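Heads up: the structure comes next, in structure tokens.
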Amino acid sequence: MINFKELAKKYGTPLYLYDFNHIQDRFLELKEAFKGKKSLVCYAVKANSNLSIIKHLSTLEAGADCVSIGEVKRALLCGIPKYKIIFSGVGKRDDEISEALKEDILMINLESEGELDRVEAIAKQMQTKARISIRVNPNIDPKTHPYISTGLSHNKFGVDIEVAKRMYIRAKNSENLDPIGVHFHIGSQLTELEPIIESSQIVSDLVRSLKALKIDIKFFDIGGGIGIRYSHENTIDVKSYVDGIFSTLKGLDVTVVCEPGRFIVGNSGFFLTKVLYEKTNGDKRFVIVDGAMNDLIRPSLYKAHHDIKLLSDELNHSKADIVGPVCESGDFFAKNIDFPKTTHDDLIVVHSAGAYGSSMASNYNTRGKVAEVGVLNGEDFLIRKRDSFEDMIKNELECLG
Ligand SMILES: *Cc1c(COP(=O)(O)O)cnc(C)c1O
């Protein structure tokens, strides 16, 4: 059990805390579900890109799914072997592509014909052959929040099946491209299995038709997106997930790659914040805390729910908004929730803040990014220092014309 009060006192607030044992358990649970099957679990670095977390997963033999060359470098720095690193993303710069080729990672995941042109041209310049996969759009409704749904035609991600086929044929006939993978990722925080399996069926049919064209797909990348419980959501049983995927792959000899982010780190994380004041405007009650949207933007960005608990035995509840000090009405962690009466310095814990929390943090309002702490086997350790004022301004120049 993590002692929030003690750690808040030791490291100050606002603070991110991560249970490394939980991260490990989640990763191993997924590994176990794939046991005996050709598979590669690539952690989606963007969910939480702290070096210590990547490193911990690296020691458990995780691969990495990256969406920028910066994330690729993080993965390499943390000891993830290059042959377990995938570079995805809808817009890659030339320098990112050439660097990924230089690093010789497992594959670059293409999301448009334009990108295929660029990767081919750059590989040619470098006199190399780029291993690629193509992200296809199975056009399946993932039944999640529209902001985090990605597999529909009106999303910016991936290409339609017919376009993908054309791209595969071009790649096969190119001296500088080696089409080894197929990829789909229909959304995040998926709580139903059916859309994933349906997508897998569609994409596996594509792989079969490519086989007939003598294009041999070796990596079948099912993306990430496994949902977690923030409050009372249904969750996907990972064993059924894996079995369901493999049931669509009959007759194919492929390595299944999956790219979980939230599933691995989401529930491991806690955001600790302290009460500054309470106030009422009219009959509206606000609890103002020292953490804000620049630290944890999910409630503002996605109207996401996080369980929020006051660490005291106060029983005097009434409705309140939990808000931060940032100058935006969108700066809140919760609206209109039943919350006990608070006083200055009371500690509040925001649960399930391990994914898309610190990795989405900014310095908005010149607020420093907060400290981050890991806890493994009862021991706590700092994994990111709190920003100082100097950290925040160090790249700025005072040009007075
Ligand atoms: C964001 C993303 C993931 C991880 O999503 P989670 O919902 O955190 O599992 C995996 N693959 C791709 C391509 C992504 O964009």
Side-chain angles (χ1 to χ4, degrees), residues 18 23 26-27 29-30 33 40-50 53-54 57 62-68 70-72 74-75 84-92 100 105-112 115 132-138 142-152 155-159 181-193 195-196 199-200 203 219-230 233 235-236 238 241-242 245 256-269 297-298 301-302 304 352-360:
Y18 307 105
I23 294 175
R26 288 290 232 181
F27 181 78
E29 182 189 347
L30 201 48
L40 175 61
V41 181
C42 289
Y43 170 60
V45 171
K46 72 174 193 272
N48 190 317
S49 42
N50 184 282
I53 290 177
I54 303 172
L57 289 165
D65 172 48
C66 305
V67 292
S68 68
E71 287 189 354
V72 171
R74 279 182 186 266
K84 288 187 183 175
I85 297 177
I86 300 167
F87 185 14
S88 308
V90 75
K92 305 177 190 74
I105 60 171
L106 176 59
M107 56 192 173
I108 299 181
N109 186 29
L110 306 181
E111 300 212 19
S112 64
E115 193 170 47
I132 56 136
S133 59
I134 295 172
R135 176 165 176 176
V136 300
N137 223 322
K143 299 177 184 149
T144 182
H145 191 286
Y147 285 13
I148 44 183
S149 119
T150 54
L152 288 165
N155 292 121
K156 68 175 175 178
F157 302 99
V159 296
V182 68
H183 177 249
F184 66 94
H185 171 78
I186 59 170
S188 204
Q189 185 54 16
L190 306 175
T191 54
E192 289 179 44
L193 193 53
I196 310 176
S199 302
S200 183
V203 177
F219 294 93
F220 191 84
D221 187 338
I222 60 176
I226 312 170
I228 61 167
R229 189 162 288 149
Y230 285 98
E233 296 91 336
T235 53
I236 291 170
V238 293
Y241 170 67
V242 171
I245 294 287
V256 170
V257 180
C258 76
E259 309 171 336
R262 189 189 314 268
F263 178 79
I264 305 288
V265 291
N267 291 136
S268 79
I297 203 172
R298 298 189 67 257
L301 191 59
Y302 309 120
S352 301
Y356 307 104
S358 64
S359 62
M360 280 188 155

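All of these numbers come straight from a predicted model, not from anything done at the bench. In each ligand, atom 1 is the first atom listed, and ligand 1 is the first ligand listed.
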* Asked: For atom 14 (C) of ligand 1, which protein heavy atom lies nearest, and how many Å away is it?
  -> Lys46 NZ, 2.7 Å

* Where ligand 1 meets Gly225 - atom numbers and elements under 4.0 angstrom, heavy-atom basis -> 5 (O), 6 (P), 7 (O), 9 (O)

* Out of curiosity, is Tyr356 lining ligand 1, as in a heavy atom under 4.0 Å away? -> yes

* **Protein contact to atom 10 (C) of ligand 1 [nearest heavy atom, distance to 0.1 Å]** => Glu259 O, 3.2 Å

* Which of the atoms in ligand 1, numbered in the order shown and given with their element, are less than 4.0 Å from a heavy-atom of Arg262? -> 6 (P), 8 (O), 9 (O)

* To do: Mark up the atoms of ligand 1 that fall under 4.0 Å of a heavy atom belonging to His183, in ascending order.
  => 13 (C)

* **For Pro260, the ligand 1 atoms whose distance to one of its heavy atoms is below 4.0 Å** => 9 (O)

* Counting from 1, what ligand 1 atoms have a heavy atom of Arg135 closer than 4.0 Å? -> 13 (C)

* To do: Before accepting this row, confirm whether a basic side-chain N of the pair Glu115/Lys92 lies closer than 4.0 Å to the acidic partner's carboxylate O.
  => yes

* Structure fact -> For atom 7 (O) of ligand 1, the closest protein heavy atom turns out to be Ser188 OG, 2.3 Å

* May I ask you to establish whether Arg26 and Phe263 are in a cation-pi arrangement, using a distance under 6.0 Å from NZ or CZ to the six-membered ring centre and at most 45° from the ring axis? => yes

* Where on Asp65 is there a heavy atom closer than 4.0 Å to ligand 1, on the side chain, on the backbone, on both, or on neither? -> side chain

